[in-house]
Amino acid sequence: GGGLAKFDGKSWTVYNKENSGLPSDDVRSIIIDAQGNKWIGAWGGGLAVFDDRSWTVYNTENSDLLSNDVLSVAIDAQGNKWIGTREGGVAVFDGRSWTVYNTENSDLPSNYVSSIVIDSQGNKWIGTDRGLVRFDGRSWVVYNRWNSGLPSDEVTSIAIDSQGNKWIGTDRGLVRFDGRSWVVYNIGNSGLLNVTSVAIDRWGNKWIGTRGEGLVV
């Protein structure tokens, strides 16, 4: 809600609408590509790219993005950016052209895309407010609370560990999916409820952000 902050271990630098090309102070996602460019998803501002010198902004006026509320960004092995939006589905940008997947032209169950991660096989795991989706480039598989072990269709975040397990944050706890079985960590067995973000460090520890319950490791 206050812009983008950079911390080098000692000092802080803040970028916001007033002092930079950031199109919105409500930053929802950040990913860094192989060249060091920062791809920043902003609520109400679209997608911003910062190369440490200049800013480029993609929005509904100058690109094929169908929503300026960008919630998530992932980069595949070919360097394509997979962009999740609030009401425009998923947009894929290869640096020149755009491809959009939404409820009208694909099996995506919702145009609200909160999170995207890409596994070692190139499958895209997409979190929506109507379940979890796996897309292999041709076919779509949707997991929801009716056909899987997900405790809720409200998927907020996804992370993949070194064994390929998917760790899925929902508003009803954290879920681990190994491709066959589901394990749920919730208020009853772990105290977890509203999980908003998940990250995994090189030792395999899961860092879990919550809405109202603090940070869990």
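Values in this document were obtained by computation on a predicted structure and should not be read as measured data. Numbers here simply count residues along the sequence, with the first being 1.
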Gap separating the [atom1] atom of [X] from the [atom2] atom of [Y], nearest 0.5 angstrom:
X: L215; Y: I208; atom1: CG; atom2: CD1; value: 8.0 Å
X: L193; Y: I187; atom1: CG; atom2: CD1; value: 5.0 Å
X: N16; Y: D26; atom1: CG; atom2: CG; value: 13.0 Å
X: T56; Y: N62; atom1: OG1; atom2: CG; value: 9.5 Å
X: S114; Y: R28; atom1: OG; atom2: CZ; value: 11.0 Å

Heavy-atom pair of closest approach, residues [X] and [Y]:
X: N59; Y: G45; answer: CB-O, 4.3 Å
X: S157; Y: S197; answer: OG-CA, 3.5 Å
X: V73; Y: L47; answer: CG2-CD1, 3.8 Å
X: N186; Y: R172; answer: CB-O, 3.6 Å
X: I116; Y: A74; answer: O-CB, 3.5 Å
X: S72; Y: V113; answer: OG-O, 3.8 Å

Can you run down the ring-ring contact (aromatic ring centres under 6.0 Å, His included) pairs that involve residues 59-78, sequence neighbours left out, and say none if there aren't any? none
Show every ring-ring contact (aromatic ring centres under 6.0 Å, His included) that has at least one partner inside residues 14-33, sequence neighbours left out. Y15-F50, Y15-W55
Considering only Ile, Leu, Val, Met, Phe, Trp and Tyr, and joining two whenever side-chain heavy atoms are under 4.5 Å apart, list the other residues clustered with L66. V100
Can you list, by chain and residue number, the hydrophobic cluster partners of I160 when the side-chain cut-off is 4.5 Å?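 Grouped by the 4.5 Å side-chain rule, V117, W125, L132, V141, Y143, L150, V155, I158, I168, V175, F177, W182, V184 form the rest of the cluster around I160.
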Any residue meeting salt bridge (Lys or Arg N to Asp or Glu O under 4.0 Å) with R86, in chain and number order, not counting sequence neighbours: D69
[X]-[Y] co-clustered via ILVMFWY side chain contacts under 4.5 Å:
X: V27; Y: I31; value: no
X: L108; Y: V92; value: yes
X: I75; Y: Y58; value: yes

Can a donor-acceptor pair be found, under 3.5 Å and without considering hydrogens, that links the side chain of S110 to the backbone of T128?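 Between the backbone of T128 and the side chain of S110 there is no qualifying donor-acceptor contact (under 3.5 Å).
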Y112/L71 under side-chain contact (heavy atoms from CB on, under 4.5 Å): CA gap, chis, key distance, verdict: CA-CA 9 Å; Y112 185 103; L71 303 178; 3.7 Å; yes
Would you list the pairs meeting salt bridge (charged side-chain N to carboxylate O under 4.0 Å, His left out) in which at least one residue belongs to [range], sequence neighbours left out?
range: residues 185-213; result: none
range: residues 1-17; result: none
range: residues 136-145; result: R145-D153

Can you tell if the side chain of [X] reaches within under 4.5 Å of the side chain of [Y], non-hydrogen atoms only?
X: T210; Y: V216; answer: yes
X: I40; Y: L4; answer: yes
X: L65; Y: T85; answer: yes

side-chain contact (heavy atoms from CB on, under 4.5 Å) between I200 and N205: does it pass, once the steps are laid out? CA-CA 6 Å; I200 303 173; N205 299 307; over 6 Å; no
Listed once per pair and sorted, the side-chain hydrogen bond (donor to acceptor under 3.5 Å, both in side chains) pairs that draw on residues 34-46, sequence neighbours left out: D33-N37, D33-W39, K38-D52
Taking side-chain hydrogen bond (donor to acceptor under 3.5 Å, both in side chains) as the test, write out the residues that go with N111, two or more places apart.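 N111: side-chain hydrogen bond (donor to acceptor under 3.5 Å, both in side chains) contacts with T103.
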For S152, which residues count as a side-chain hydrogen bond (donor to acceptor under 3.5 Å, both in side chains) partner, sequence neighbours excluded? D171
For W12, what residues pass the ring pair (Phe, Tyr, Trp, His ring centres under 6.0 Å) criterion, not counting sequence neighbours?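 With neighbours one apart ignored, the set is F7.
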